[in-house]
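The chains referred to below are lettered A, B, ... by the order of the sequence lines, with proteins before strands, and numbering in each begins at 1.
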Amino acid sequence: MAYVLQQLLSASAKRYPEKPVVCARGKALTYRELDEHSNQLAQLLLARGLKKGDRVGLYFPKSVESLAAMFGVLKAGGVYVPLDPQAPAERIGYIIGNCQIKVLITTGDRLHALDSAALRSLEFSILLGAAGNGSFERDLPWAALSEYPSTELAVQNVTTDLAYILYTSGSTGRPKGVMLTHQNALTFVQWCADTFRVTAEDNLSNHAPLHFDLSVFDVYNSVEAGATLHMVTDDLALFPASLANFIRDRQISIWYSVPSALVLLLLHGNLRAENLPRLRIVLFAGEVFAMKYLRQLAELLPQVELYNLYGPTETNVCTYHRVDRDRLHGMTSLPIGQACANTEVFAVDENDQIVAAGSGKEGELHVRGPAVTPGYWADAEKTNKACLPNRFQPHFEEKMYRTGDIVTLSADGDYYYVGRRDSMVKSRGYRIELGEIEAALLSHPGVREAAALAIPDEEVGSRLKAIVAPHSAGTLSAKELQQHCATRIPKYMIPEQIELRDTLPKTSTGKVDRIQLSRTQPQPV
Amino acid sequence: MTEQVENVNVKDQIREFVREAAQRKGVSEVTDDQSLVESGVIDSLGIFRLVAFLEESFRVRIGDEEIVGENFESIAGIERFVLNKLNR
């Protein structure tokens, strides 16, 4: 039994050395090659002084090298931090400083776009592709791996060591790093392996970016099973017809993505069941799947098992629901379902009581078990707010995670998502704190007040809008503010629409009244 | 002569639309041959806005099967695609 993630690769490399493990951008690696490349990277990192627990940033578009980098860092005892290759340099610089990244694996142009002040913690970089002009003397090309031995390294880690840190939107204007251990990931991977019966015959897709936790299933369950992972790169993801052909041509058998990607495929991909004979499972997570589209998908792909997976990055998937086609027609909303194996969930109501099944009461969903994060990197305050002592279990000390999601529990034991306790929203599956958008807007010197809103949308979850009051009228344009936002927050967080007003409505406590603002927005059709 | 004028017009309109979209994403410069996907100028919502704009401005009908990377890789690529449709 694997107790650290890299053991999944070592085991499959012995069983399936010549099988392809990953394909992307016209390149493929076999299990043997991935094992060897990641060993070489680990040897390089150790030779250059990487210590157990040191952070290594992965900052490049996803490719077969992404897997070699992830496993190489783990084999060296390090912690990898996947960084959004499209995010603004300022935000990446913040993350590098926040978790003190020592080594950055990136491309020359990305490295040079980073502010040198942000790179103080950095000891060296490994550059993929053309190094570009003026790479630092201490930097190495990726090809330098070949100079290191490909022999396997003894495992130095224990299961509760950190494996990776995923940065997610933070309400106070800066992203926060969710720390995940080997045990956290393996709890989920083990459950998936059992539930979805992934085998060496499967072809998995990888639609999600690697800084998004949906990719944990794609990568580690492929490797665990000896299956092949087919990465969906941006040039495919944007074009539903190309994506539908990709699913057909790669004979994808298990697909996992946010619902909005499936809606695009459904509406514009011309999906046909007869073209997809190998497709057996479709998993979706990250946001609510509009029932009307889910019904269409269920009808279009009658042979495919559909699963709604639910869980924040802090726990990965913690509940699931297998779609029952017979019940689908009468349903108004899809349950998030029941707890995964080796995970316990419960809802706590406003009187601090655990919500009973069928009571109709609402409560905040809490999670306990080995899947739960130890907390946020270098942020004890946020960690203590989210990871609390479990007062419902008096026998020994343990933590439980407060999800912030309000749910109900039906008589038959299924949880249903109702809404959020705070102002976190989802758009195309991305988790977005409206406060982070507001902080980006307020950092513009001309902005006096700003409120970000999420307008519900069946296709993409929600669309982002902002209402801004400038210091002096007529001095700001929506476009200028969008450009300003682009220097601080990722593109998917930039409001599509920015309305300028003289003032914003306030609550009795003097805060911007988001509810009143939302109420005055046109309703979606 | 008239056709040449029309071609210039097509490219200008596409360029203006794409540059406007790019600026809203914080991308200040877009050359005619630059990849719109790699630079993040176009996302999954943007592509359908662009298609709607092309259909409306040039009175062409764009099928789902035509919304592929080859036709939308760059400003120059989109122009070739539209002119091809207009001249058909």
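- With a 4.5 Å cut-off on non-hydrogen atoms, A:L243 does not touch chain B at all.
- Among A:H268, A:Q483, A:Q482, the residue making the largest number of heavy-atom pairs under 4.5 Å with chain B is A:H268.
- The candidate from A:L264, A:D235, A:N270, A:N245 with the greatest count of non-hydrogen atom pairs under 4.5 Å with chain B is A:L264.
- More than 12 heavy atoms of other residues, nucleotides or ligands lie within 6.0 Å of CZ in B:R49, so this atom counts as buried by the packing criterion.
- Counting heavy atoms from C-beta on, the side chains of B:V37 and A:F239 come closer than 4.5 Å.
- Residue B:S35 does not touch chain A at all, counting heavy-atom pairs closer than 4.5 Å.
- The most heavy-atom pairs under 4.5 Å with chain B, out of A:R463, A:K491, A:H484, come from A:K491.
- In this structure, the portion of B:I47 lying under 4.5 Å from any heavy atom of chain A is its side chain and not its backbone.
- By the neighbour-count criterion of 12 heavy atoms within 6.0 Å, atom CD of B:E38 is sparsely surrounded, having that number or fewer from other residues, nucleotides or ligands.
- Interface residues of residues 14-30 of chain B toward chain A, defined by a heavy-atom distance below 4.5 Å and sorted by number: B:E20, B:Q23, B:R24, B:K25, B:G26, B:V27.
- Of the atoms belonging to B:E70, not a single heavy atom falls under 4.5 Å from chain A.
- In this structure, CG in A:L238 is found 10.0 Å from CG in B:L36, a value given to the nearest 0.5 Å.
- Heavy atoms of B:I42 lying under 4.5 Å from chain A belong to its backbone as well as its side chain.
- Taking non-hydrogen atoms and a 4.5 Å limit, the residue list of residues 51-58 of chain B in contact with chain A is empty.
- Among all heavy-atom pairs drawn from A:S242 and B:V68, the shortest one is OG-CG1, 3.4 Å.
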